[in-house]
Structures are given as structure tokens and as C-alpha cells.
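Inspection log for the structure reproduced underneath, given as C-alpha cells.
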Amino acid sequence: MKPLVSKLPTAGTTIFTVMTKLAEEHRAINLGQGFPEFQPPARLQELVEHYMRMGRNQYAPMIGARSLREAISAKTKTVYGARIEPESEITVTSGATEAIFCAIQAVVHRGDEVIVLDPCYDSYEPSITLAGGRTVHVPLRAPDFAIDWQRLADSLTARTRLIITNSPHNPTGALLSSADLARLAELVRSTECLVLSDEVYEHIVFDGKHVSLLTNVELAARSFVISSFGKTYHATGWKVGYCIAPQALTDEFRRVHQYVMFATTTPMQLAFADYLVEAPEHYLELPEFYREKRDYFASLLRESRFELLPVRGTYFQLAAYDAISDKSDVEFARWLTVEHGVASIPVSVFCARAPRARLIRFCFARERTTLAAAAAKLRVL
């Protein structure tokens with residue numbers, strides 16, 4: 001038997017798995033992996049149990065439970081003013097990562113180019129590679145992590161099939177504005193380029209507001225817009241997300257989705273459908289909930305030697321550590337975990353080329369006691 005030839009020869013175990021394992025081995029406080037330390041709302045858990053006891057434990061429809069698609073459509077109209085057809089333009093997926101994978105597989109062909117904006121989520125490039133495409137990395141502009149429009153324009157070619165955007169942005173917390181979307185629409189207007197908008201942190205915004213790509217009619221007509229319930233409802237382990245796209249794109253998306261996951265967990269879908277209608281205050285109050293976490297964590301580190309960068313959205317805090325060490329961010333994150341008991345994520349793993357600034361990412365979606373314990377360790381460095 002010949003040796004296997006990997007389709008992803010440069011891909012190893014994700015940094016999130018590596019750092020979480022390292023944190024467990026050294027009993028470190030895990031501010032690395034981006035999961036909340038809080039439980040989903042009690043009423044939402046009751047609804048899941050209710051549907052399980054009702055016997056709703058078999059396959060949901062491949063495109064998602066109708067009640068959930070209708071609830072997503074209604075919420076999208078209320079929040080963004082966009083009219084989305086539940087039957088032909090919304091597909092429920094097993095998390096946002098599955099939706100991202102399916103969207104890329106649906107439209108990217110061998111030899112196509114896909115532009116990503118660095119730093120970027122680590123699942124984008126492997127998905128592009130598996131589709132036979134080539135990833136083109138365009139760095140965001142330091143220090144505000146805004147799009148460098150000239151570099152983006154220069155990176156567009158006749159082979160560019162897709163541009164992937166992410167707002168609120170992981171790991172930097174930067175936001176796209178209406179002006180940004182208008183500029184993007186102008187850039188792709190005369191091309192065949194599509195857009196994938198990763199909006200999983202849509203309800204965690206502090207300074208300004210989240211401007212969904214769905215609010216730009218021109219872009220929405222050529223885009224996949226992807227979100228997730230995990231971050232919003234403190235339920236990342238439930239893995240329920242969704243993709244909104246015009247019918248032609250949705251048709252192609254579903255051709256892939258049906259063979260990747262087919263259907264997402266039924267009781268969770270039905271519970272989310274009810275809870276979206278019952279408790280819109282949950283996502284409306286989420287910005288203030290996380291603003292308090294952000295500000296509390298920042299206040300604890302005010303006397304430390306870390307330099308905290310502004311964060312406008314998500315539940316991540318970037319920190320420069322130049323005053324502490326000249327190690328690379330990967331080395332520093334490992335040292336911080338092993339020697340000082342706090343796990344983080346190095347920012348260079350989100351980039352094709354390490355940024356000039358040495359940065360690590362902390363997750364502040366934790367209880368106050370956890371943040372205080374971590375900060376006490378960080379302040380002595």
C-alpha cells in the first residue's frame with residue numbers, strides 16, 4: 001500500500017485544541033478557547049428538555065426545522081430590515097463552521113482564488129484548499145484592523161471567486177461600517193466575485209453597531225451570510241448555526257450540506273425557534289452583558305505591563321506584551337500557560353505572515369472570579 005498523500009499537508013491540530021489541552025495539563029486558567037463559562041438561559045434549557053420528552057428526537061428536515069427558519073426570518077426583518085424567505089433562503093447547519101465549509105465547497109472550483117482578510121478564522125483556508133482553490137491573504141491595516149482597500153483592490157483578479165469578511169471580527173473586535181459595505185459593493189460590482197460574511201458575533205458589539213451585510217441590498221444578492229446561536233446563547237456545544245443566501249446560492253449550498261451533515265439536532269432547533277420569539281431581550285441585552293465583562297477585565301489589567309488594544313465587538317481582548325518579553329507570540333502563549341497558569345491564543349496563527357506587533361488574545365467570556373484569578377497572575381509579570 002502506498003503512503004497516504006494528505007489533502008491538508010500543512011494542517012496540524014488547531015491552536016484552540018492545543019492550548020486547551022496545554023491548559024488542562026498544567027491546570028492553567030483557560031482564557032484561550034472562545035467558549036463562554038456561562039450556562040444557556042434556564043428557559044432555553046427547559047425548552048430543549050420539553051421537546052426531547054415530547055419525542056422530537058428524530059431527523060429534522062435537511063434545510064432546518066420550519067419554525068426555526070421562520071423565527072430567523074422574523075428576527076432578521078426586525079433587526080436588519082431584510083426580508084428573507086424561510087423556505088428558499090435560510091438553511092440551518094450544525095454550527096457556523098459547517099456553514100462556512102459548505103458555502104466554500106458550493107461555489108469554489110479548482111483554480112479559483114478566495115481572498116481572506118488577516119487575521120482570519122483558521123477554518124477558512126483548509127476549506128478553500130479542499131475545494132481546490134487558492135487562498136489569497138490580504139492583511140488588515142494596523143493598528144485599527146480596518147480593510148486596506150487598495151491592497152484588496154490590487155488582489156482582485158479574474159480568478160477571484162469569493163471574498164470572506166468577518167464582522168464583528170475575531171480576533172481583533174473590529175467592525176465593518178455601512179461605508180465599508182458600500183465600498184465593497186463598488187469593488188465587486190463589475191466582477192463575478194461572491195462574498196461570504198461571517199457574522200457569528202453579531203449581537204456582541206459595544207462601540208457602534210453591527211452592520212450586517214444583509215443591510216446592503218447589492219451585496220446581499222451575491223452573498224452567503226452566516227451566523228450561529230452558540231455565541232449568543234452561551235451554547236457553543238449545541239452546534240446550531242445557519243446560512244442566509246439568495247435562492248440560487250442556497251440551492252448550491254444545500255447540495256453540499258445534505259452530504260456533510262444532512263440535519264442538525266432537532267430538540268435544539270425547536271427550542272431556539274421558541275426562544276427567539278419568547279425572549280428577544282436576550283440578544284438585545286447581550287452587548288451590555290459583555291461590555292461589563294470587557295471593562296472589568298480591562299480594569300483588572302490596568303496596572304499590568306500588558307497593553308490592551310481597543311475592542312469594539314466579540315468577547316476577545318487583544319494584548320501586546322512587548323514590555324514583558326521578546327518571545328514570539330506562540331512561544332509567549334506557551335510560556336504564559338506553563339509557567340504562569342493562564343492560557344491565551346497567539347494572534348500569528350490567524351495570519352499567513354506574523355504581524356509586526358506581538359499580540360495574544362484573551363477570552364473574557366468568563367465569570368468574574370475566573371477573570372480576577374487570571375488577572376492576578378498576569379499583573380505580576
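This one's a predicted model, so the numbers in the text were calculated from it and none came from an experiment. Along the sequence shown, residues carry numbers from 1.
- Taken together through direct or relayed side-chain contacts under 4.5 Å among Ile, Leu, Val, Met, Phe, Trp and Tyr, Leu318 and Ile345 form parts of separate hydrophobic clusters.
- Between His234 and Phe289, the distance from one ring center to the other falls under 6.0 angstrom.
- Arg255 has a carboxylate O that lies under 4.0 Å from a charged side-chain N of Glu252, or vice versa, which qualifies the two as a salt bridge.
- Under a 4.0 Å N-O distance rule, the pair Glu331/Arg358 does not qualify as a salt bridge.
- Ring centroid separation for the pair Trp238 and Phe272 comes in under the 6.0 Å cut-off.
- In this structure, Glu87 pairs ionically with Arg66, as a charged nitrogen and a carboxylate oxygen lie closer than 4.0 Å.
- Between the side chain of Thr314 and the backbone N or O of Pro168 there is no donor-acceptor pair closer than 3.5 Å.
- Between Glu186 and Arg189, none of the side-chain N atoms (NZ, or NE/NH1/NH2) sits under 4.0 Å from a carboxylate O, so this pair counts as no salt bridge.
- When hydrophobic clusters are built by joining Ile, Leu, Val, Met, Phe, Trp and Tyr residues whose side-chain heavy atoms come closer than 4.5 Å, directly or via intermediates, Val240 is grouped together with Tyr233.
- For the side-chain contact (heavy atoms from CB on, under 4.5 Å) test with Ile115, the passing option among Leu156, Ile164, Val195 is Leu156; the others fail.
- For the pair Arg361 and Phe316, the cation sits on the ring face: its NZ or CZ lies under 6.0 Å from the ring centre, inside 45° of the axis.
- Using a 4.5 Å cut-off between side-chain heavy atoms of Ile, Leu, Val, Met, Phe, Trp and Tyr, with links allowed through other members, Ile226 and Val114 fall into the same hydrophobic cluster.
- Here Lys75 pairs with Glu202 in a salt bridge; the nearest charged N to carboxylate O distance falls below 4.0 Å.
- A salt bridge is defined here as a Lys NZ or Arg NE, NH1 or NH2 lying under 4.0 Å from an Asp or Glu carboxylate O, and Arg379 with Glu303 fails to meet this definition.
- The cluster map of Ile, Leu, Val, Met, Phe, Trp and Tyr, joined by side-chain heavy atoms under 4.5 Å apart, puts Leu130 and Val108 in different clusters.
- For Arg366 and Phe38, the positive end is not near the middle of the six-membered ring at less than 6.0 Å and at most 45° from its axis.
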